[in-house]
Amino acid sequence: MSVPEGAPLLEMSGIVKTFPGVRALDGVDLVVRPGEVHCLLGQNGAGKSTLIKVLAGAHRPDEGSIRWAGDPVSLSTPDTSIALGISTIYQELDLVAGLTVAENIFLGHEMSRGGLVRRGETRRKATALLARLGHQEIRVDREVGTLPASGQQIVSMARALSHDTRLIVMDEPSAALDQQEVQTLFRVIRDLTTQGVAVVYISHRLEEIRQVGDRVTVLKDGRTVATDLAAKDTPTAELIRLMTGRDIEYVFPQRTPPDSSAATLLEVENLSLNKVFADVSFTVAAGEIVGLAGLVGSGRSEILESVYGARRPNGGTVRVDGNRLRAGSVGAAVKAGIGLAPEERKSQGLLLDQPIYQNITVSSMGRFARAGFLKGSSERASATEWAKALDVRPAGVERPVRTLSGGNQQKVVLARWLLRDCRVLLLDEPTRGVDVGARSEIYAAIRSLADRGMAVVVVSSEVEEVLGLADRVLVVREGRIVHSGPATEIDEHRVLDLVMEGSAA
Amino acid sequence: MTHQREAVTDGEKPDAGPDSGVVQVPLSGSGKARTGAAGFLLGSSVGRNLGLVVALFVLCLVGVATAGQQFASVDNGLTILRLASVIGVVSVGMTFVITGGGIDLSVGAIVALASVWSTTLATQSLARGNHWTLIILVALIVGMGCGLVNGLLIAYGRVVPFIATLAMLAAARGLAEIIAQRRTQIVSVPGFTDFFRHDVLGIPLLVIIFAVVAAIGWLVLNRTTFGRRTFAVGGNPEAARLAGINVQRHTVALYVIVGLCCGIAAVMIVARTTTGSSTHGTLYELDAIAAVVIGGTLLSGGRGTIVGTVLGVLIFTTLSNVFTQNNLSSSAQSVAKGLIIVVAVLLQQRLAARSNNGST
């Protein structure tokens with residue numbers, strides 16, 4: 001529990017890293033002691049990713065010094081970092097799906113004799129590493145691609161430990177995990193720290209930092225603005241003030257009083273998908289936001305995708321405005337006025353290398369075309385209008401979407417459906433990878449869409465988000481809706497109870 | 001001020017993948033940050049095409065220096081263009097498929113089959129009896145038919161493009177051999193042969209056809225919804241699907257387009273040689289893919305340029321012309337081609353890396 005004392009393991013001071021046109025790091029100090037969980041907080045763009053890449057040896061700092069266990073070192077290549085005992089687990093896991101667990105763990109430093117891999121020893125060591133992480137149940141011969149996200153996370157950690165690791169950097173390790181899996185991750189982290197391993201933990205979720213962290217360093221604009229804060233009892237308001245330089249008190253927009261005369265826009269009846277969910281029925285009225293709460297794997301994303309036609313349900317109907325949609329047809333859903341902002345924004349939602357305006361107009365191109373030929377100027381003008389309405393920053397619709405931050409990318413997806421005059425909007429994890437400051441903007445944007453008369457369905461792993469944003473909440477457990485009611489009449493604990501019930505055993 | 005700050009956030013993507021070893025260059029201003037003259041020249045598409053023009057120019061200089069008047073004559077220029085036109089039409093079609101995230105290995109075989117089918121005794125007598133354009137019609141239908149089969153297999157049968165079109169490569173050429181009984185079929189339809197002897201203001205008809213196909217290709221790829229969807233389907237098929245684009249139907253259309261181009265090329269080759277043969281179009285798939293790739297179209301899809309493809313075709317054709325003028329063997333040509341492909345792709349990767357992250 002207590003903050004470990006003793007000589008620092010890692011001391012970085014005055015780290016500066018410039019890229020053409022920008023100082024990504026402008027004097028960062030970071031001190032990590034052995035056996036502690038050191039949390040790195042900061043908004044997107046504060047320099048967290050650049051800093052961990054410096055630590056991993058992927059970037060060479062322009063100025064500043066790094067001491068490792070008291071000695072000055074230069075982390076010039078990834079090899080140097082690994083040799084010193086620094087491992088990095090990136091947010092998007094870098095595992096090879098077609099190789100087995102054991103092969104992944106020792107990838108790049110296979111145990112071999114005379115060029116032949118020593119398979120027995122590899123498997124034995126891999127098993128031992130998984131046991132050390134408390135996950136003996138993961139078979140080392142299993143293909144990594146068949147493991148769930150949480151299992152892959154464990155394999156990544158085992159790989160980190162397979163080197164003689166003294167410091168593990170975790171970049172948003174909980175992003176792909178549900179609540180229960182996060183608890184397992186925390187148990188593993190605590191085990192590691194008792195063995196003297198230091199952890200640098202990056203997360204956007206303050207509650208996690210409180211649970212698992214020892215000390216906090218806050219970055220802002222490439223500088224360390226505060227360090228040595230106690231993770232457990234530094235007030236949230238204080239942390240947010242340090243990160244943003246402003247006080248955020250209220251991130252959720254005001255609810256519009258429900259209009260009982262509003263027409264029902266979306267009706268889902270007895271929708272079922274083999275082995276995933278069954279008998280799902282709900283309605284959403286114009287101007288209403290309905291939240292779907294549930295664990296990863298509860299079927300909540302699949303429900304959205306089936307409504308949208310991206311999956312073909314086995315039974316049940318979806319109606320928009322009373323008209324039944326052809327099952328399993330995205331085209332029919334889009335034509336009827338449904339839009340989806342998918343969970344994996346980058347891989348499912350965006351054309352990353354195309355300019356912003358093309359991403360906005362991609363679903364309504366016909367409107368800007370005559371005989372198939374696009375009228376570029378009116379296309380750009382409309383895209384610009386909606387980008388402005390949602391405050392996509394930086395302004396200018398010609399830049400590739402890849403260069404935008406997560407929050408602004410999400411606004412581009414929203415703008416796409418706004419432009420299409422879509423009437424039912426399905427949002428899957430709308431704030432994943434979006435930093436705290438920008439989240440409230442997304443919430444406000446979603447609420448304003450509902451106020452325009454859209455019917456909105458939001459899926460989120462973050463119960464707080466569902467409760468804060470939605471008018472009505474549906475709780476999904478193991479493919480069934482187990483609760484439905486106004487968001488104001490249920491609290492976080494009750495939702496968690498409902499969500500976890502039965503899965504605890 | 002705030003915008004400046006926001007621009008910086010681009011540098012640090014919240015979920016930068018592990019493979020993005022380098023942080024994206026934060027651009028201040030819409031993509032105009034790399035306005036260093038060199039950066040602009042190498043990074044923009046205009047710049048890339050300019051690079052190809054320079055390469056072509058250098059090649060011509062070499063031609064003049066080594067072969068003098070023999071190379072620099074109008075006749076020779078037209079010869080180069082005439083040679084470029086057939087493979088050029090195929091390459092325009094190939095640009096569409098590759099931009100859309102696919103590949104077509106069967107183009108050469110389709111050209112052979114279309115050339116044979118459109119010149120069988122039956123087709124020719126039908127054409128003599130009705131109208132000589134029947135030959136053209138048959139070639140186009142055969143080409144599009146093969147493309148349709150490819151497209152259906154790939155889009156709905158979920159066969160990998162490489163495999164589906166490899167199968168078509170084998171099958172179409174085999175079918176061409178069966179139909180032609182391995183004999184060369186001479187065209188003796190007066191209307192047809194007369195028509196293609198025409199030229200327009202001294203420019204051979206074949207070259208005009210190539211120019212028209214390239215111009216239409218450019219318009220479709222860059223100015224139509226179809227073209228925009230092609231980039232979307234090639235760049236991120238899943239995102240395209242979820243945006244409401246019918247990816248499967250679009251994929252079929254792309255293979256039909258390349259098939260149509262093969263049909264046109266078959267007509268051109270039949271016109272040029274006045275024969276149909278199962279050996280026509282041999283290795284066209286490699287020449288077309290090479291031209292498309294050195295032109296700057298990404299093999300992984302999502303980025304494509306017709307102008308680049310045309311320049312790529314011209315570079316290869318000029319190269320072989322220069323070699324022929326200097327009495328160098330076709331084997332030496334092949335070696336030079338291989339080198340050019342590698343150098344061009346290496347250069348492009350450097351440039352792509354530079355325009356993506358600038359920090360290297």
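Below, chains carry the letters A, B, ... as their sequence lines are ordered, and counting in each starts from 1. The structure presented is a predicted model; accordingly, all values stated were derived computationally and were not measured.
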- Nearest non-hydrogen partners of B:Ala243 and A:Ser363, listed with the distance: O-OG, 2.6 Å
- Message: Testing the basics here: between B:Ala239 and A:Leu351, what is the closest heavy-atom pair and its distance to 0.1 Å?
- Response: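 It is CB-CD2, 4.4 Å.
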Any side-chain heavy-atom pair from [X] and [Y] closer than 4.5 angstrom?
| X | Y | answer |
| --- | --- | --- |
| B:Arg228 | A:Val362 | no |
| B:Arg303 | A:Gln354 | no |
| A:Phe373 | B:Thr225 | no |

- Item | Heavy-atom proximity to chain A below 4.5 Å, by part of B:Ile245 |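 It is the side chain, since no backbone atom gets that close.
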Nearest-0.5 Å distance that lies between atom [atom1] in [X] and atom [atom2] in [Y]:
| X | Y | atom1 | atom2 | value |
| --- | --- | --- | --- | --- |
| B:Leu242 | A:Arg416 | CG | CZ | 9.0 Å |
| B:Thr224 | A:Arg370 | OG1 | CZ | 15.5 Å |
| A:Leu350 | B:Asn236 | CG | CG | 8.0 Å |

Atom group of [X] that falls short of 4.5 Å from chain B, counting heavy atoms:
| X | answer |
| --- | --- |
| A:Gln348 | both |
| A:Glu344 | neither |
| A:Ser329 | neither |
| A:Tyr308 | side chain |

- Message: Quick check on A:Lys335: does its NZ atom have over 12 non-hydrogen neighbours (other residues, nucleotides or ligands) under 6.0 Å away?
- Response: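 No, the 6.0 Å shell around NZ holds no more than 12 heavy atoms from other groups.
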- Query: Should the heavy atoms of other residues, nucleotides or ligands under 6.0 Å from CZ of B:Phe162 be counted, would the total exceed 12?
  - Reply: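 It does not: B:Phe162 CZ has 12 such atoms or fewer within range.
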- Query: Would B:Glu238 and A:Lys346 pass as an ion pair if we require N to O under 4.0 Å?
  - Reply: no
- Message: So which residue, A:Ala310, A:Gly349, A:Gly339, ends up with the most heavy-atom pairs under 4.5 Å with chain B?
- Response: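 Highest number of heavy-atom pairs under 4.5 Å: A:Ala310.
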